[in-house]
Number of protein chains: 2
Amino acid sequence: MAEGGRLQGIEVCVFDAYGTLFDVSSVARGAQAELGERWAALSELWRSKQLQYTWLRGLAGHHADFWQVTGDALDVSLATLGIEQPGLRDRLMALYLRIAAYAEVVPTLRALRAAGLKTAILSNGSPAMLEAAVNNAGLAPLLDAVLSVEAVGVFKPHPKVYGLAGMHFGVPVERICFLSSNSWDAYSAKAFGFQVLWCNRFGQAAERLPATPDGQIRQLDELPRWLGV
Amino acid sequence: MAEGGRLQGIEVCVFDAYGTLFDVSSVARGAQAELGERWAALSELWRSKQLQYTWLRGLAGHHADFWQVTGDALDVSLATLGIEQPGLRDRLMALYLRIAAYAEVVPTLRALRAAGLKTAILSNGSPAMLEAAVNNAGLAPLLDAVLSVEAVGVFKPHPKVYGLAGMHFGVPVERICFLSSNSWDAYSAKAFGFQVLWCNRFGQAAERLPATPDGQIRQLDELPRWLGV
């Protein structure tokens, strides 16, 4: 699917964090010993409620940071599934700070930096959550910036969030390649004006939202070829 | 759970439409003959994508009316489930205009009106969709107003939407009882300032959102006792 050099003029690669660089399912899987087979259902519901709460809070104007929203989403998910185990909530939240990076992340970031491109995260995550995850995965030396929505106090896909990347690097939006495995994030970032690749890890159907990403990749290591590097 | 007269000073009862007065699952169930067992999966995914698209469009500032969003959500749902049947999309959209009202809706609205209360719908639906559904279910003579988000050009839970009810009736928000079976709608309406009952038809767990409704009912016919009428 990828064609070498198909995206032109890119100076900065900006990555979504959760789902894109970091494997969200690794969190609940980390508690598989005590959750048993329920880990997958918990993982899916937790993620779904987490996103739902960001959109609802954003649209209603009731911002709270992603750490609180993640905990709230975990609470409603545990209650919905009838899971009650002493200390489990705290253990799962602690695992969120050590979320696993996908295997191709480090080599991809290295290849981009070696080609002279700048790299960054732009995420719903709070600064403390992002710092913990980035450090745990050894990504800090490979990133020029870690940008959090907390700078603008509203979640994706509010345009203010996407505006942070161009402002930080002082480059026009069309010189930024934005990557997300979250379809709605990729579509919304395209509507904002970035060049966008949707890292469609699970082969989802195309969304019916106002803008369509410039292309799809299955894993992040296909990115350098798209940039011709 | 209900206690007679627990909500005081109510002059107007405002109902969400889809899920609250109208049974959303009746739409795909209406095509059960051609969908077979897949009708339930389609129904659930269609509703989930429909709501997701309203929140994403609202937060990103890309409004389109609920008829378009409902069609977009149907398209992505059919593609996701691999359902391709000639004409099916149009038949399902036509069924949306004849969506079934829950059995207790007519007697409940009658009881409220007989007690001198005003009644209204406040819905994401476009005016044409709402008019079709209301007329099909015979609700027109039992409603003082049918209010659509199209008057403000953004979906629930944006506060502008909830503001429409007080403006229309010229009453303070605390004299309005808002009812929704959509948990997030009930919670957001409470944060706005209405007195709110969550018609929790399926026994869902409590949400973790900023405000909590004043109470829960299982069906709308419990409402008159809450109002002491």
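Labels below follow one simple rule: chain letters A, B, ... track the order of the sequence lines, proteins then strands, and each chain is numbered from 1.
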Peer 1: Report, as yes or no, whether the 6.0 Å neighbourhood of atom CD on A:E131 holds more than 12 heavy atoms from other residues, nucleotides or ligands.
Peer 2: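 Open: at most 12 neighbouring heavy atoms sit under 6.0 Å from CD of A:E131.
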
Peer 1: Over all heavy atoms of both residues, which pair between A:L59 and B:T54 is shortest? Give the atoms and the distance, please.
Peer 2: CD2-O, 4.3 Å

Peer 1: Given 3.5 Å as the limit, does a donor-acceptor pair link the side chain of A:Y53 with the main chain of B:L209, or not?
Peer 2: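 Pair absent, no side-chain N/O of A:Y53 close to backbone of B:L209.
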
Peer 1: A:Q52 and B:W55: which non-hydrogen atoms are nearest, and at how many Å?
Peer 2: CG-CZ3, 3.4 Å

Peer 1: Counting heavy-atom pairs under 4.5 Å with chain B, which one of A:R208, A:K49, A:H62 comes out on top?
Peer 2: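 Ranked by heavy-atom pairs under 4.5 Å with chain B, first place is A:R208.
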
Peer 1: Under 4.5 Å from any heavy atom of chain A, what part of B:A73 do you find: side chain, backbone, both or neither?
Peer 2: neither

Peer 1: Minimum heavy-atom separation for B:A79 to A:A205, with atom names?
Peer 2: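 Smallest interatomic distance, heavy atoms only, reads CB-CB, 4.0 Å.
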
Peer 1: Count the heavy atoms of every other residue, nucleotide or ligand shown that sit under 6.0 Å from CZ of B:R175, and state whether that count exceeds 12.
Peer 2: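 No, because the 6.0 Å sphere around CZ of B:R175 holds 12 heavy atoms or fewer from other groups.
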
Peer 1: Side chain, backbone, both or neither: which part of A:V154 has a heavy atom under 4.5 Å from chain B?
Peer 2: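 Only the side chain of A:V154 comes within 4.5 Å of chain B.
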
Peer 1: With chain B, which of A:L56, A:T80, A:V161, A:L51 has the greatest number of heavy-atom pairs at distances under 4.5 Å?
Peer 2: A:L56

Peer 1: Evaluate whether atom CD of A:E44 has more than 12 neighbouring non-hydrogen atoms of other residues, nucleotides or ligands under 6.0 angstrom away.
Peer 2: no

